[in-house]
Amino acid sequence: MAGHKTLDDLFKAVGLRGLRILVRADLNVPMAEGRITDTTRIDRVASTLTELADRGAKVVVLSHFGRPKGAPEAKYSLAPVAAALGGILGRKVSFGADCIGPEAKKAVDALPEGGIVVLENTRFHPGEENNDPAFAKALAENGNVYVNDAFSCAHRAHASTEAIAHELPAYAGRAMEDELAALDKALGNPAHPVVAIVGGAKVSTKISLLGNLVKKVDTLVIGGGMANTFLAAQGKKVGKSLCERDLFDTARHILANARKAGCDIILPTDVVVAGEFKAGAAAKTVSVDAVPDDMMILDVGADTLAYIAGRFETAKTVVWNGPLGAFEVPPFDQGTSEAARQVAMLTKMGALISVAGGGDTVAALNEAGATEDFTYVSAAGGAFLEWMEGVELPGVAALEGR
């Protein structure tokens with residue numbers, strides 16, 4: 001991983017026994033009635049925490065949780081998350097009542113070699129989101145080394161993700177290392193042909209993404225509600241479908257740029273339509289040239305799916321962000337699920353590398369039972385999207401040359 005030091009570099013550089021390691025994790029996990037409902041982010045940081053602790057380091061975990069307004073709020077305390085982390089790791093995890101100052105120092109000083117402590121929510125201080133150097137310095141006082149293992153927060157220039165990396169020797173944790181390696185294989189230095197799938201509701205949320213991808217991939221599949229805008233911009237009637245009519249010029253501009261770059265854009269040629277958007281609604285498949293005025297497009301049709309599948313067969317890399325249809329409601333999940341299962345099968349066969357990310361995408365792949373067979377599925381939301389847009393991520397950039 002060029003430009004970034006990893007835990008392996010740390011292990012070669014210094015003995016860890018008794019060393020205080022500040023680990024920026026993403027413990028911003030979903031909770032309901034005091035219980036964590038999805039442990040994915042904790043699962044991914046477990047390797048880094050365990051390796052460091054097993055080598056005798058004093059592991060100090062920093063994280064945000066929720067959206068407090070720069071001051072303590074009981075509902076955003078990391079105390080219950082720390083307790084859950086201990087259960088997942090199968091070892092004692094203590095908790096510090098603040099992330100800086102006397103309370104943090106007391107919690108860190110009490111750590112034995114190989115111990116782990118989670119400090120209180122970094123966003124309880126305004127200096128966190130302001131990327132305040134003084135706050136970063138206060139965080140750094142509790143560590144000798146900084147490890148960033150929170151790629152999902154790397155798009156934010158916050159004190160615990162960016163400024164602190166300038167205060168201490170800085171390294172990428174295992175989850176960060178895996179993420180960056182996977183993303184490099186997907187778009188940084190991919191094996192061609194590259195097929196990108198971009199879906200979702202609105203073009204307006206992914207203009208920068210589409211603009212970047214047409215310069216980097218060989219085939220761009222556009223699905224979901226976004227495809228309706230592109231179809232309508234070409235004169236197709238889309239009935240009652242979701243459509244951003246004020247973005248027709250933008251859609252045509254993206255299509256023109258794709259042609260110049262030699263990127264083949266695939267839009268649906270047949271679609272599944274229904275008169276209402278609800279589970280089990282009466283649906284039928286029609287050509288994109290014959291969408292009834294009183295119906296809406298909710299999924300890709302079988303011919304479109306077969307054509308996309310043909311592109312998967314010849315691809316070496318597939319990058320995926322966003323569903324092909326309204327996957328949350330059957331029967332409009334069929335297109336996304338079938339495409340996901342084919343990519344998973346080809347990946348398992350060793351025919352291609354597949355990288356996916358984004359909240360809806362992860363949910364759709366899970367629903368299709370395809371997640372485990374993809375090469376890499378990113379748990380990051382905004383960071384994954386900004387990386388696909390070609391944006392420099394502050395939390396990653398801060399690790400370079402450190």
Side-chain angles (χ1 to χ4, degrees), residues 1-7 9-10 21-29 40-49 52 60-67 78 99 119 121-123 127-133 135-136 139-140 143 145-189 206 208-209 212 319 321 355-359 361-362 376-402:
M1 189 170 56
H4 308 89
K5 291 181 180 179
T6 68
L7 292 189
D9 296 306
L10 173 60
I21 311 291
L22 288 174
V23 178
R24 180 48 162 101
D26 185 358
L27 303 183
N28 188 31
V29 292
T40 300
R41 287 177 173 173
I42 292 179
D43 296 338
R44 292 197 174 184
V45 78
S47 177
T48 291
L49 300 181
L52 294 173
V60 182
V61 182
L62 301 173
S63 180
H64 73 286
F65 183 64
R67 295 184 177 276
L78 276 167
C99 59
L119 299 185
N121 196 336
T122 56
R123 289 189 182 176
E128 166 69 335
E129 295 189 78
N130 293 335
N131 201 23
D132 181 8
F135 180 63
L139 291 172
V145 170
Y146 171 71
V147 172
N148 191 337
D149 212 26
F151 177 82
S152 52
C153 306
H155 59 309
R156 300 187 179 104
H158 289 178
S160 68
T161 60
E162 201 278 336
I164 193 174
H166 304 287
E167 299 292 333
L168 297 169
Y171 299 82
R174 293 301 187 204
M176 175 75 83
E177 180 183 0
D178 289 346
E179 187 102 25
L180 293 175
L183 299 186
D184 186 59
K185 287 181 180 179
L187 280 186
N189 187 31
K206 297 186 178 180
S208 297
L209 170 60
N212 186 49
V319 188
N321 177 256
V355 177
T361 311
V362 175
Y376 192 82
V377 177
S378 175
F384 181 83
L385 186 59
E386 289 194 22
W387 169 81
M388 286 187 73
E389 291 172 358
V391 175
E392 182 178 72
L393 306 183
V396 174
L399 296 176
E400 293 183 359
R402 302 295 301 162

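None of these values were measured; they are calculated from a predicted model.
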Heavy-atom pair with the smallest gap, counting every atom of [X] and [Y]:
X: Val362; Y: Ser378; value: CG2-O, 3.5 Å
X: Phe384; Y: Gly358; value: CD2-N, 4.1 Å
X: Leu168; Y: Gly143; value: CD2-O, 3.6 Å
X: Ser63; Y: Leu27; value: OG-N, 2.9 Å

Can you check whether [Y]'s main-chain N or O pairs, donor with acceptor, with [X]'s side chain at less than 3.5 Å?
X: Asn121; Y: Arg123; value: yes
X: Tyr146; Y: His166; value: no
X: Asn212; Y: Met388; value: yes
X: Asp9; Y: Thr6; value: yes

Exercise. For Glu128, check salt bridge (charged side-chain N to carboxylate O under 4.0 Å, His left out) against everything at least two apart and list the hits.
Key: Arg24
Exercise. Tell me, please, which residues at least two apart from Arg41 pass salt bridge (charged side-chain N to carboxylate O under 4.0 Å, His left out).
Key: Asp26
Quiz prompt | Within-4.5 Å side-chain heavy-atom neighbours: Thr122 and His158 | solution = no
Quiz item: Does some side-chain heavy atom of Glu167 sit less than 4.5 Å from a side-chain heavy atom of Leu139?
Solution: no
Considering residues at least two apart in sequence or located in another chain, which fulfil the side chain to side chain donor-acceptor pair (under 3.5 Å) criterion with [X]?
X: Thr48; answer: Asp149
X: Asn131; answer: Glu162
X: Asp43; answer: Thr39

Quiz prompt | Residue pairs passing the side-chain hydrogen bond (donor to acceptor under 3.5 Å, both in side chains) test where at least one lies in residues 385-399, sequence neighbours excluded | solution = none
